Amino acid sequence: MQQEGSLVKRLDRRKRSAAAGRDSPARQDSTKQQYVTAQTLDREEAVEKKLKLLRGNFFGKPIMKFQVGQVTDVWVPYCYMEYHFVVERSVLFKKKGLEKSGEVGLVFDMNEMHPFQYDLYESGQLPLKKENLGKERTIIHSANTMADVKEKAEDHIQYKIMRKFYGAEGKLSLKKNMLFYRPAVELEIIYREENKNLRYAYLDEFSVDSEHVLGLKYRVDNNF
């Protein structure tokens with residue numbers, strides 16, 4: 001019942017956002033051009049890959065059994081962020097440590113509210129284009145403000161990158177903040193005929209791997 005409760009809360013959050021969430025950074029007019037990722041996958045193929053991933057595999061047999069309820073074509077809100085960082089790494093027997101500066105990129109899922117690191121050095125700028133969202137897909141509106149997104153993004157950088165690679169928190173400066181949408185198919189997954197959850201089969205180049213670090217890699221140059 002915990003999954004069903006989670007689904008109900010998320011649906012309720014969307015209703016509240018649609019009614020009063022005017023400060024949401026992902027509340028956009030479908031008739032205006034927005035940044036989006038290009039659709040590169042066939043819809044049916046993407047859904048089948050997603051369902052296969054959810055079912056799992058054990059010697060050719062699916063591990064998880066479930067039913068698929070409502071299927072909806074959607075635009076999922078994301079945010080592309082670039083930060084400049086300056087961090088000082090302490091050195092034994094020296095009062096002033098070694099200073100390191102650089103750039104770090106994040107792709108932030110504003111629907112699920114979690115970030116992925118993006119490798120600026122290897123992948124370059126995130127490939128986006130502008131188009132009207134139209135009415136063929138439902139726009140998922142985030143109930144969170146940009147302040148919420150920024151706070152969680154910076155916490156992620158400090159604890160998952162700065163502390164991990166440099167052993168200290170750094171000074172962060174937001175250099176780029178770009179809202180964009182990813183085309184996807186929202187799947188209502190029903191376990192044991194009662195436990196419900198929402199999953200997404202993405203139709204862009206990141207495919208199903210984008211929900212893991214595998215799809216959006218990062219690299220921090222750690223040479224002093």
Side-chain angles (χ1 to χ4, degrees), residues 3-22 24-56 62 64-80 107-116 118 126-144 146 149 178-191 193-212 214-216:
Q3 290 177 321
E4 184 176 8
S6 176
L7 174 61
V8 171
K9 287 180 181 179
R10 289 173 61 189
L11 292 176
D12 180 62
R13 185 168 69 245
R14 287 189 194 175
K15 291 179 182 178
R16 287 188 284 107
S17 176
R22 298 182 182 275
S24 168
R27 185 157 190 80
Q28 300 292 344
D29 186 347
S30 62
T31 62
K32 295 182 179 180
Q33 287 197 331
Q34 310 294 339
Y35 284 107
V36 301
T37 54
Q39 179 175 335
T40 58
L41 296 178
D42 177 75
R43 183 180 185 273
E44 286 71 24
E45 180 183 359
V47 169
E48 184 58 34
K49 284 183 178 180
K50 182 63 180 180
L51 293 178
K52 184 177 180 180
L53 179 67
L54 292 175
R55 291 191 181 103
M64 299 295 296
K65 293 183 179 180
F66 54 79
Q67 295 176 313
V68 179
Q70 186 173 353
V71 177
T72 309
D73 292 315
V74 297
W75 288 109
V76 184
Y78 274 70
C79 188
Y80 176 48
V107 174
F108 200 100
D109 181 342
M110 298 179 65
N111 181 44
E112 301 289 349
M113 283 300 287
H114 60 79
F116 301 101
Y118 185 79
L126 187 69
L128 299 173
K129 63 177 184 177
K130 264 196 168 184
E131 67 176 47
N132 293 330
L133 299 184
K135 297 182 179 180
E136 294 79 13
R137 297 181 181 278
T138 300
I139 303 172
I140 296 178
H141 298 297
S142 173
N144 300 283
M146 196 59 226
V149 174
M178 184 181 298
L179 175 69
F180 70 96
Y181 291 85
R182 295 179 63 190
V185 180
E186 184 180 73
L187 306 169
E188 183 186 40
I189 304 299
I190 306 171
Y191 298 95
E193 299 184 354
E194 59 177 13
N195 297 324
K196 301 178 182 179
N197 212 332
L198 296 179
R199 299 295 187 211
Y200 297 88
Y202 288 96
L203 307 180
D204 57 19
E205 63 179 348
F206 299 128
S207 186
V208 294
D209 292 335
S210 63
E211 297 175 50
H212 308 284
L214 295 176
L216 295 171

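The residues of the chain are indexed from 1 along the displayed sequence. Computed from a predicted structure; not experimentally measured.
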### Task
Identify the two heavy atoms, one from A184 and one from L203, that lie closest to each other, and give their separation to 0.1 Å.
CA-CG, 4.2 Å
### Message
Apply side-chain contact (heavy atoms from CB on, under 4.5 Å) to residues Q67 and Y191 and explain how you reach the verdict.
### Response
CA-CA 7 Å; Q67 295 176 313; Y191 298 95; over 6 Å; no
### Message
Taking the side chain as everything from C-beta on, heavy atoms only, tell me whether V68 gets closer than 4.5 Å to I190.
### Response
no
### Query
Are any non-hydrogen side-chain atoms of P183 and Y202 less than 4.5 angstrom apart?
no
### Message
Are the side chains of E131 and Y35 in contact, using a 4.5 Å heavy-atom criterion?
### Response
no
### Task
Check whether any side-chain N or O of N132 sits under 3.5 Å from a backbone N or O of Q33 as a donor-acceptor pair, and report yes or no.
yes
### Query
Are any of the side-chain heavy atoms of T138 and E186 separated by less than 4.5 Å?
no
### Query
Do Y200 and I140 have side-chain heavy atoms sitting under 4.5 Å apart?
yes
### Shortest non-hydrogen separation from R55 to E48 and the atoms involved
NH1-OE2, 4.4 Å
### Message
Are V149 and M146 packed together at the side-chain level, in the sense that at least one heavy-atom pair is separated by less than 4.5 angstrom?
### Response
yes
### Query
Side chains of R43 and V185: closer than 4.5 Å at any heavy-atom pair?
yes
### Query
Hey, are the side chains of R182 and V107 touching, using non-hydrogen atoms and a 4.5 Å cut-off?
no
### Task
Please assess K49 against E45 for the test salt bridge (Lys or Arg N to Asp or Glu O under 4.0 Å), listing each intermediate value before the final yes or no.
CA-CA 6 Å; K49 284 183 178 180; E45 180 183 359; 3.4 Å; yes
### Query
Among N195, L51, L198, which residue meets the side chain to side chain contact (heavy atoms under 4.5 Å, CB included) test with I189?
L51
